[in-house]
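Because only heavy atoms are used, hydrogens play no part in the values below, and waters and symmetry mates are left out as well, while side chains stay in. Since this is a predicted model, take the numbers as computed values, not measurements. Chain letters run A, B, ... following the sequence lines, proteins first, then strands; residues in each count from 1.
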Protein chains: 2
Amino acid sequence: MLNRTKFKHSTRDFVYDSLRESIMDLELPPGAAISEKEISEELEVSRTPVREAFLRLKEDELLTVLPQRGSFVALIDLDHVEEARFLREQAEAGIIRLACEQFSDDCLNKLEMNVIEQKKARDDDDENTLYILDKEFHRLLAEGTDKHRVWKTIQKMDTHSMRLRKLSIELKLNWKKLVEQHEAMVEAIKEKNQKKAEDLIRAHLALLIYDQKALKDMYPDYFN
Amino acid sequence: MLNRTKFKHSTRDFVYDSLRESIMDLELPPGAAISEKEISEELEVSRTPVREAFLRLKEDELLTVLPQRGSFVALIDLDHVEEARFLREQAEAGIIRLACEQFSDDCLNKLEMNVIEQKKARDDDDENTLYILDKEFHRLLAEGTDKHRVWKTIQKMDTHSMRLRKLSIELKLNWKKLVEQHEAMVEAIKEKNQKKAEDLIRAHLALLIYDQKALKDMYPDYFN
DNA sequence: TCTACCACACTACCATACAAGTATGCTAGT
DNA sequence: ACTAGCATACTTGTATGGTAGTGTGGTAGA
């Protein structure tokens, strides 16, 4: 559980971050009923900031609010997952083409450093670090091409997909291949080979389509 | 001014829609200071739904909230405008490629009907209708490829761009060319020619980069 | 005249009270 | 036994009071 005092932000943000984290960790599973009052007592704040956090989560499609009835953690929507993946693929394809044109040496360096760390983590079988570095790699691409908001938008849509992934504990991503792909992308950017870079990143993101059907059979109550 | 009774939705939505419309129409110009109390008195509702509407507008980057100081209509951010256009271009390029693969006859019909109406409006010099039909055309592409959320996301990012456009009263879009492009796109989809369709829509969206510098010089206070 | 300080008005933030809609289970009547 | 209907305990929606932080203008003092 998060600690309120750790946040320099508002109570509202504290509640929002707490709930979002709980939902993402599936500590609050899809379909779970939560009420403003219950959460406010649990976090020892009043209903107002809780309510405001609820509204934000509703905007994020992470909470379904039924007036006078109750609020429920949103079920995982596979259409949502696919749309998020689709938008991400299109956006990142465009971003990496831009990167080939305008990436600064500084940005390129950061990217290369990141890949080096990825290799290290891969050799250490440190999947957690790899997960973080992978995310960071794509963020660097977006930041380096001045597409901060695009990145934020993509991340915001990626929530259902992230929960799906969390669901699949046994999911064994092929990290070796992922790291190689990242390395190849950096090469393509250095060569300013737009076509190659775009093809690489599209293939890369296609790997994120893992077996949804099996998961849906295993946890039918979590899907809509 | 909107009328509250027209809304079957909540007071919160009424306030949100009212404010959003005012901001988009530049009735509330960029930089304008508004307060919860002021709006609540104006719309004759309590501060709570106003506050909740403020928070949503903040999420949309349409309102800058400074705690204990005040809330201000967000200045137009040209970086924001470009990022929105960029994301839209990437997304719609992907969508139209999909449309070439999987568009149903029904969707294609709707699209053709839309273009016919566009031609009529063009011949009548009815720019307002053309504006709506243009928007509808792109929405049909997204809906027909089951990318409703992608469309919603793009629209949500398009707010700064829409205000910029509103600012340029004298902006004379070349509707004749736009309609022809739309027609050509439908042709490309019918031919299932992905490359042609994609090239067309990218060129189409590039037309939306109009003279930002002149506008910024004309209304320096509206930009950041 | 200039400056330091303070009172005041204003803000958004949070807590709480009340209103209104909904689901559920008990009870009275058949 | 069964059902209609109401009491009740929930829910979210709205209203309002109080708190703490911020900017400003006036004033007292040098």
J.: Just to be sure I understand the rule, does R51(A) reach a base, reach only the sugar-phosphate, or reach nothing, if contact means heavy atoms closer than 4.0 Å?
T.: base
J.: How long is the gap from OG1 on T129(B) to CG on D124(B), to the nearest 0.5 Å?
T.: 8.5 Å
J.: Rounded to whole angstroms, how far apart are CG on L57(A) and C1' on dT12(D)?
T.: 15 Å
J.: Find the distance E52(B):CD to dA15(D):P and express it as a whole number of Å.
T.: 10 Å
J.: Find the distance L43(A):CG to dC14(C):C1' and express it as a whole number of Å.
T.: 15 Å
J.: In whole Å, what is the span from the CG atom of D13(A) to the C1' atom of dC14(C)?
T.: 14 Å
J.: CZ of R12(A) versus C1' of dA15(C): gap in Å, rounded?
T.: 15 Å
J.: Measuring to OP1 and OP2 of dT14(D), would you say a side-chain N or O of R47(B) lies under 4.0 angstrom away?
T.: no
J.: Return yes if a side-chain donor-acceptor contact under 3.5 Å exists between Y131(A) and D126(A), otherwise no.
T.: no
J.: Ion pair present between D217(A) and K213(A), side-chain N to carboxylate O less than 4.0 angstrom?
T.: yes
J.: Are the side chains of R149(B) and E61(A) in contact, using a 4.5 Å heavy-atom criterion?
T.: yes
J.: Would the distance check show the side chain of E38(B) and the main-chain N or O of S35(B) forming a donor-acceptor pair, the cut-off being under 3.5 Å?
T.: yes
J.: What ring pair (Phe, Tyr, Trp, His ring centres under 6.0 Å) pairs are there with at least one residue in residues 65-110 of chain A, not counting sequence neighbours?
T.: H80(A)-H160(A)
J.: Within the 4.0 Å limit for protein heavy atoms, which parts of nucleotides 5-11 of chain C are touched? Write it as a string from 5' to 3', B for base, S for sugar-phosphate only, - for none.
T.: ------B
J.: Atom CZ of F54(B) and atom P of dC14(C): how far apart are they, to the nearest Å?
T.: 16 Å
J.: With respect to the phosphate group of dC14(C), does any side-chain polar atom (N or O) of T11(A) fall under 4.0 Å of OP1 or OP2?
T.: yes
J.: Think S46(A) has a side-chain N or O under 4.0 angstrom from the OP1 or OP2 of dA15(C)?
T.: yes
